[in-house]
Amino acid sequence: MKNIIVPVNFSANSNNAALYAADLALAVDADIHLIYVLQLPPTTSEIPMTDYVFDEMQRNGELSLASLSEEIVKRTRLQVKVTSLMEIGSVEPVLEEYCNRLKPFLVVMGATGNTLETTIAGSTTVKAMRRLPYPLLIVPEQAAFHAIKKVVLACELEDIGAGLPVSRSFLSELYQLFGSRFDVITVTGEVQESEAEAVSAFDSWKESIKDILPDVHILRMESIEEGINNYLNRIHADWLMIFPKKHRFFEFHSSRSKKIIKDCPVPVMTLHAIDQ
């Protein structure tokens, strides 16, 4: 059984991401695992946290988790198993341990609101995600799940020549689940000498999965963000896939990747480099 982990903080966008994950779980026959990490606010010696305040924070977290779990169960008509967990501590180590234990098919988070605003700013949460070898799906506000028919893989030109940092088995699994088709794009402002060599190397790589991976597209635009978003809108893509950590171009701490994630009209999957 596949596992989908959904870190939540009960903001409107976080709850929407949980519902998106629920619909996705129903489509792929997966279990949903909600996790809420209660981070204690900093206190001073002059204003210590009382037992009452701490107990109220715990109680509110438990009630919110129970309510969201019930909503998911009703939404999926009892067809998706939902478990929930509340932990006290720092998000990064708690989430890392939980993911390592469950080895999820996917981690799903909201794209705006408290969680991702701090994520984009470089919080401990995103630092943990950059280390975890599990796909993270960042869901835009108001996004609704539907079958994933078109996935766009965005990367740099030299990455295409290296064969792309995503396993064939993962792409094949998406193809088996949804009949997904894949486009590979890179955005460049000018003709580069390595272009022909990179495309040739890519053609050799894609031959082994030619039934699911179409041609590479090199887009000539000055703005990389604009080039990606224009392409996504033009072909009505369902997901954008990018590759943080290994590829400096898409690392979370860069202003460029923050803008791509924040402004992207479709869910963004960040996926660490995987051995081919």
Side-chain angles (χ1 to χ4, degrees), residues 2-18 20-21 24 30-44 49 53-54 57-58 60-62 64-65 68-69 82-141 165 170 241-262 264 267-274:
K2 297 179 180 65
N3 294 316
I4 297 178
I5 292 178
V6 188
V8 295
N9 65 1
F10 313 119
S11 65
N13 189 235
S14 175
N15 288 348
N16 179 67
Y20 185 102
L24 174 59
D31 292 340
I32 288 289
H33 301 268
L34 303 175
I35 179 168
Y36 171 56
V37 181
L38 176 57
Q39 298 188 96
L40 299 182
T43 60
T44 66
M49 177 178 290
V53 171
F54 178 72
M57 292 174 66
Q58 282 190 296
N60 290 336
E62 290 167 353
S64 297
L65 267 179
L68 185 55
S69 297
V82 182
T83 62
S84 62
L85 174 70
M86 185 177 75
E87 293 280 358
I88 300 169
S90 298
V91 173
E92 179 182 345
V94 170
L95 188 55
E96 183 174 2
E97 189 278 331
Y98 196 52
C99 287
N100 287 336
R101 178 150 47 94
L102 292 183
K103 303 190 184 310
F105 167 70
L106 200 61
V107 179
V108 178
M109 296 178 67
T112 62
N114 293 336
T115 298
L116 198 66
E117 283 177 358
T118 54
T119 290
I120 288 179
S123 71
T124 56
T125 302
V126 81
K127 293 176 183 177
M129 289 299 181
R130 289 176 59 190
R131 292 201 304 264
L132 295 174
Y134 309 106
L136 164 65
L137 187 68
I138 302 171
V139 180
E141 192 171 8
F170 185 78
M241 188 179 293
I242 62 178
F243 309 97
K245 189 175 180 180
K246 179 180 178 180
H247 304 277
R248 63 187 182 280
F249 180 72
F250 284 116
E251 284 185 353
F252 277 109
H253 64 256
S254 72
S255 59
R256 176 173 290 151
S257 62
K258 294 175 190 177
K259 184 172 178 57
I260 290 172
I261 294 172
K262 184 178 179 180
C264 187
V268 178
M269 176 178 288
T270 69
L271 191 64
H272 286 237
I274 298 175

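Every heavy atom of this structure was used, including side-chain atoms; hydrogens, water molecules and symmetry mates were not.
- For Phe105, the ring-ring contact (aromatic ring centres under 6.0 Å, His included) test picks out no residue, with sequence neighbours left out.
- Side-chain contact between Val108 and Ile32 is absent, with no heavy-atom pair separated by less than 4.5 Å.
- Scanning for side chain to side chain contact (heavy atoms under 4.5 Å, CB included) contacts around Val94 gives Ile35, Val37, Glu87, with sequence neighbours left out.
- To the nearest 0.5 Å, the span separating CG on Leu38 from CG on Asn9 amounts to 12.0 Å.
- Annotation: ring-ring contact (aromatic ring centres under 6.0 Å, His included) contacts of Tyr20 (sequence neighbours excluded): Phe145.
- Side-chain contact check for Phe170 versus Leu271: some heavy-atom pair is nearer than 4.5 Å.
- Minimum interatomic distance between Glu62 and Met86 (heavy atoms only, all atoms of both residues): CG-CE, 3.7 Å.
- The aromatic rings of His33 and Tyr98 sit perpendicular to each other, their planes meeting at more than 60°, with 30° as the lower class boundary.
- Val8 places a side-chain heavy atom less than 4.5 Å from the side chain of Leu65.
- Residues Ser11 and Asn13 bring no donor and acceptor atom of their side chains to less than 3.5 Å of each other.
- In this structure, Asn100 contributes its side chain and Glu96 its backbone to a donor-acceptor pair below 3.5 Å.
- If you take OG1 on Thr270 and CE on Met241, they are separated by 10.0 Å, rounding to the nearest 0.5 Å.
- In this structure the side chain of Lys2 never reaches within 4.5 angstrom of the side chain of Leu106, judged on heavy atoms.
- In this structure, the side chains of Tyr134 and Asn3 stay at 4.5 Å or more apart for every pair of heavy atoms.
- Of all non-hydrogen atoms in Gly89 and Gln39, the two that sit nearest each other are O-CG, 3.3 Å.
- Put simply, the side chain of Thr83 does not reach to within 4.5 Å of the side chain of Asp31, judged on heavy atoms.
- Between Pro7 and Val91 there is no side-chain heavy-atom pair separated by less than 4.5 Å.
- What you find for Ala17 and Val139 is that their closest heavy atoms are CB-CB, 4.3 Å.
- Across Leu34, Leu95, Leu85, a single residue satisfies side chain to side chain contact (heavy atoms under 4.5 Å, CB included) together with Ile5, and that is Leu95.
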